[in-house]
Number of protein chains: 2
Amino acid sequence: MNKTTEWPENKELASMPYALQAAAVWLEVVQGAQLFRIGQPPRTMFYVLSGEMRLTRMSLDGAEMILQRTRCGFLAEASIEASAYHCDAVAFEPGTVLGFPIAIFRKALEVDVTFRKAWTSHLVQEIRRARARSERLTLKSAAKRVLHYLESEGQNGVLKLEQSRKAWSAELGLSHEALYRTLARLEQEGVISVEENTIRFAGKMINSASVR
Amino acid sequence: MNKTTEWPENKELASMPYALQAAAVWLEVVQGAQLFRIGQPPRTMFYVLSGEMRLTRMSLDGAEMILQRTRCGFLAEASIEASAYHCDAVAFEPGTVLGFPIAIFRKALEVDVTFRKAWTSHLVQEIRRARARSERLTLKSAAKRVLHYLESEGQNGVLKLEQSRKAWSAELGLSHEALYRTLARLEQEGVISVEENTIRFAGKMINSASVR
DNA sequence: CGTACTTTTGAATCGCATCAAATCTGGTGG
DNA sequence: CCACCAGATTTGATGCGATTCAAAAGTACG
């Protein structure tokens, strides 16, 4: 493990047994770098610390189909039990990634009960988040999506944004312009309050017009 | 276990140890029925066989926020390790649901290695599907969503629909009219072929207009 | 045969994407 | 310290595609 950087504090990583942490490799990836390709046997479990990594697959008609976008967190959990990747992983934005040798990772899951429980807990959590995101994206209006996000990702109506609004807009399935305008309108109407990277529900009941 | 109905063939259920299968309870739920409420300790793991069950939470502004919609599969996997529900579960459409006593479910996961692996495999699969769905929902055009679905849920470009188009349209985040029109247009342009509940990619390269 | 639901087509409306451009920001190097 | 640049933020104008409302035709089922 490269010691030029200290071990990150993410709780998913904290539960790892020392042997696994020690086996981690720090990777600085440039834009367009390929972490793995379809068909390869997984040798590494990747954890994104910064930048944007994408799982993609070439569709039958030649277009690129995105399966996952990650700016923070494990990249392809399913690779833990696959014998070959079903998609490509590329760095859409440069960033840094942790790599865990997958054999050691698997062994740790077998041997270490605590880590196994933490891993299962992480999986269950990701299912929850991804499903909530899906339901959010079926909402037709920008305002509804913002409020859904505020309530499902925030703590008691208060949200600490860990990313730029532009990145957030992509997560919300909106253009960045639409997000800026929606935030401005919701704040102006007293539905939310915005300061820096903290957004909070302002207690005001939504009038039907705000969330049309 | 109520023997008036035979054990379903879903592979997620097939991997269960006999003791767990035997402890299952068949539930016929009417529209609006509550499977559980927020705050209650989970006593049962639910598996939806038919109908539409929803996980919802009242948002701060009094609107109902949907966290998951299920027509087939486990309802709230996270309840396996929660001490209290974080949301309500209601039957949006009447249907039938399997209920597994959660203590027995947990015990089976601890004791039965095969079942535990199948469960983990299921979790990982659900993450993949939910993330793919999320990415699909960020696509701006109806045609792109249909094709993304065809490729991520179909087998080699062939999709066997297990649900009505109306239900499918909800999963795609489209109005049913938009879906009907899109299918008609894509078929007419030779991009896909539709017969009954089988939809297949017709091999024709997409012209940019089709998937604008 | 009647009822409920899905499927299908039509027409009008609206919110968001898109294109454009200005301003603001943080970081870099001279 | 300032000039400069890349990126994020913000506002404006326009067009398009999906929603919405409406209604008809098809289908399953008791």
Could you tell me the separation between the CD atom of B:Glu93 and the P atom of C:dA4, rounded to a whole number of Å? 16 Å
Please report the distance, rounded to the nearest Å, between CZ in A:Arg185 and P in C:dC14. 15 Å
In whole Å, I'd like the distance from the CD atom of A:Glu196 to the C1' atom of D:dT9. 13 Å
Out of C:dA17, C:dT8, D:dT10, which has the shortest distance to the side chain of A:His176? D:dT10
Run the side-chain hydrogen bond (donor to acceptor under 3.5 Å, both in side chains) test on B:His122 and B:Glu77 for me, step by step, so that the C-alpha distance in whole Å, both residues' side-chain angles and the decisive distance to 0.1 Å come before the verdict. CA-CA 10 Å; B:His122 161 71; B:Glu77 285 93 338; 2.9 Å; yes
How close or far is atom C1' of D:dT9 from atom CG of A:Leu183, stated in whole angstroms? 11 Å
Nucleotide D:dG7, atom C1' - distance to CZ of A:Arg165 in whole Å: 15 Å
Take the angle between the ring planes of B:Tyr180 and B:His176 and call it parallel below 30°, perpendicular above 60°, tilted in between. perpendicular
Answer yes or no: side-chain N or O of A:Arg181 and base N or O of C:dG15 forming a donor-acceptor pair under 3.5 Å. no
With under 30° as parallel and over 60° as perpendicular, where do the rings of B:Phe36 and B:Tyr85 fit, or are they tilted in between? parallel
Looking only at D:dA8, C:dT6, D:dA18, the nucleotide nearest the A:Lys166 side chain is D:dA8
Nearest-nucleotide pick for B:Tyr180, side chain only, options being D:dA18, C:dT6, D:dT19: C:dT6
Closest to the A:Glu177 side chain, choosing from D:dT11, D:dT19, D:dA8: D:dT11
Whole angstrom is fine here: how far is it from CG in B:Leu174 over to P in D:dT20? 11 Å
Between A:Ser79 and A:Ala82, is there a donor-acceptor pair closer than 3.5 Å when you use the side chain of the first and the backbone of the second? no
Could you check how far NZ of A:Lys144 sits from P of D:dT19, rounded to whole Å? 12 Å
Would you mind reading off the distance between B:Leu137 atom CG and C:dA17 atom C1', rounded to a whole angstrom? 17 Å
